[in-house]
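A short write-up of the structure that comes next.
Both backbone and side-chain heavy atoms feed into the values below; hydrogens, waters and symmetry mates do not.
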Amino acid sequence: MMVTVFIVEDELKIRNSMRDFVEQEVSGFKVIGEASDGAEAIERLEREAPDLLITDIRMKGMDGLELIERIHQSYPEMKILIISAHGEFEYAQKALRYGADDYLLKPINRLQLTLFLNKVRDGKSPLASSVDMEDAKQERLVIRTIKQRIADRLHEPITLQAIAQEVHMNHRYLSTLFKAETGINFSDYIERCRMDKAKKLLKESKLKIYEIAGLCGYASAKHFMVIFKQAVGCTPTDYRDRTERQNGEDYEPFQ
């Protein structure tokens, strides 16, 4: 039996891509309707009655929040997946409280979308109706948001206390939660992200070492070089030289 899907998204290109992915990349799904805003969706959903609603959270007119609230009241059995842009953390939180089952950030991760669709297709509730599961979902949202904020601020000092204040959470609890969700300490995660960014810049740019150090959050190039060698096993200059040689020897036209 096919799982029927309705997509609400004001950007036509994204809507078309979502429809193609749902119908072609994951078996057992059929898109039976689309709308560009919440008002149009409400009118059509009364006739279509799909199993799953996928909706953007920010649209002109009736936005995704109002749509989700009304749909959850009228069709409590309908599964709801929200699509949220970075920076809409508070909107996503509200959507979950209003009855959404899960959310994904733009650009949409194909694996995360597939996992959600598989749960719906297999008849497993993406969200069990319990306080514990609701708390777990909120915590997962917090960690995703924090990881995105870290990625955006690697050139700045980042502290656990400051991030905890931003997400309205005790810093000791956040430290424990972050380790449980990611398998790595908060400070170690930031260091790893900075090293990953440094390696990418060394590979793909001609920036000087001190410039890369600054972009990765190190005020001192000397300190950056010490940390880099400890983490990677060679100096930034040696790493750049080695990757340039490898790129010349192992060139491939496709990724």
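Within the structure, the side chain to side chain donor-acceptor pair (under 3.5 Å) test picks out no pair touching residues 64-78 (sequence neighbours left out). Note on residues 39-49: pairs passing salt bridge (Lys or Arg N to Asp or Glu O under 4.0 Å), not counting sequence neighbours, are Arg44-Glu48. Residue pairs satisfying the salt bridge (Lys or Arg N to Asp or Glu O under 4.0 Å) criterion with at least one member in residues 3-15, sequence neighbours excluded, are listed as follows: Glu9-Lys106, Arg15-Glu34.
For the atom pair Phe178 CZ and Lys147 NZ, the distance stands at 6.5 Å (nearest 0.5 Å). Leu154 CG to Arg194 CZ: the interatomic distance, rounded to the nearest 0.5 Å, is 6.0 Å. Asp102 contributes atom CG, which lies 11.5 Å from atom CD1 of Ile54 (distance to the nearest 0.5 angstrom). We find the CE-CZ distance between Met78 and Phe6 to be 9.5 Å, quoted to the nearest 0.5 Å. Distance CG/Leu174 to CD/Glu181: 10.5 Å, rounded to 0.5 Å.
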Side-chain donor-acceptor pairs of residues 226-236 under 3.5 Å, sequence neighbours excluded:
| from | atom 1 | to | atom 2 | distance (Å) |
| --- | --- | --- | --- | --- |
| Thr235 | OG1 | Asp238 | N | 3.1 |
| Thr235 | OG1 | Asp238 | OD2 | 3.2 |

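Residues Phe186 and Ile146 meet the side-chain proximity criterion, which asks for heavy atoms closer than 4.5 Å. For the pair Asp188 and Arg192, the minimum side-chain heavy-atom distance is 4.5 Å or more. The closest side-chain heavy-atom distance from Leu117 to Leu81 is not below 4.5 Å. Residues Glu25 and Leu113 have side chains not in contact (no heavy-atom distance under 4.5 Å, counting atoms from C-beta outward). Two residues are said to be in side-chain contact when any heavy atoms from C-beta on lie closer than 4.5 Å; Tyr103 and Gln112 fail this criterion. Using a 4.5 Å heavy-atom cutoff, the side chains of Leu104 and Arg144 are in contact.
Remark: the backbone N or O of Val3 is not paired with any side-chain donor or acceptor of Arg121 at under 3.5 angstrom. Judged by distance alone, with hydrogens and angles left aside, the side-chain atoms of Asn185 form no donor-acceptor pair with the main-chain N or O of Ser187 at under 3.5 Å. The main-chain N or O of Lys30 is never found under 3.5 Å from a side-chain atom of Thr4 such that the two would form a donor-acceptor pair. When atom types are taken as modelled, the side chain of Arg240 and the backbone of Ser205 share a donor-acceptor pair closer than 3.5 angstrom.
Checked options Asp101, Leu67, Val5, Ile82; the residue passing with Leu53 is Leu67 (criterion: side chain to side chain contact (heavy atoms under 4.5 Å, CB included)). Of the candidates Ile209, Thr237, Asp241, Ile209 is the only one forming a side chain to side chain contact (heavy atoms under 4.5 Å, CB included) with Leu202.
Val120 and Ile32 fall into different hydrophobic clusters, where Ile, Leu, Val, Met, Phe, Trp and Tyr residues are linked whenever their side-chain heavy atoms come under 4.5 Å apart, directly or through other members. Both Leu65 and Leu105 are assigned to one and the same hydrophobic cluster, defined by single-linkage of ILVMFWY side chains at heavy-atom distances under 4.5 Å.
The pair Glu166-Arg149 meets the salt-bridge criterion, since a charged nitrogen lies less than 4.0 angstrom from a carboxylate oxygen.
Here Met2 is tied to no hydrophobic group at all, with no ILVMFWY side chain closer than 4.5 Å.
For the ring pair (Phe, Tyr, Trp, His ring centres under 6.0 Å) test, no residue two or more places apart in sequence or in another chain qualifies with His171.
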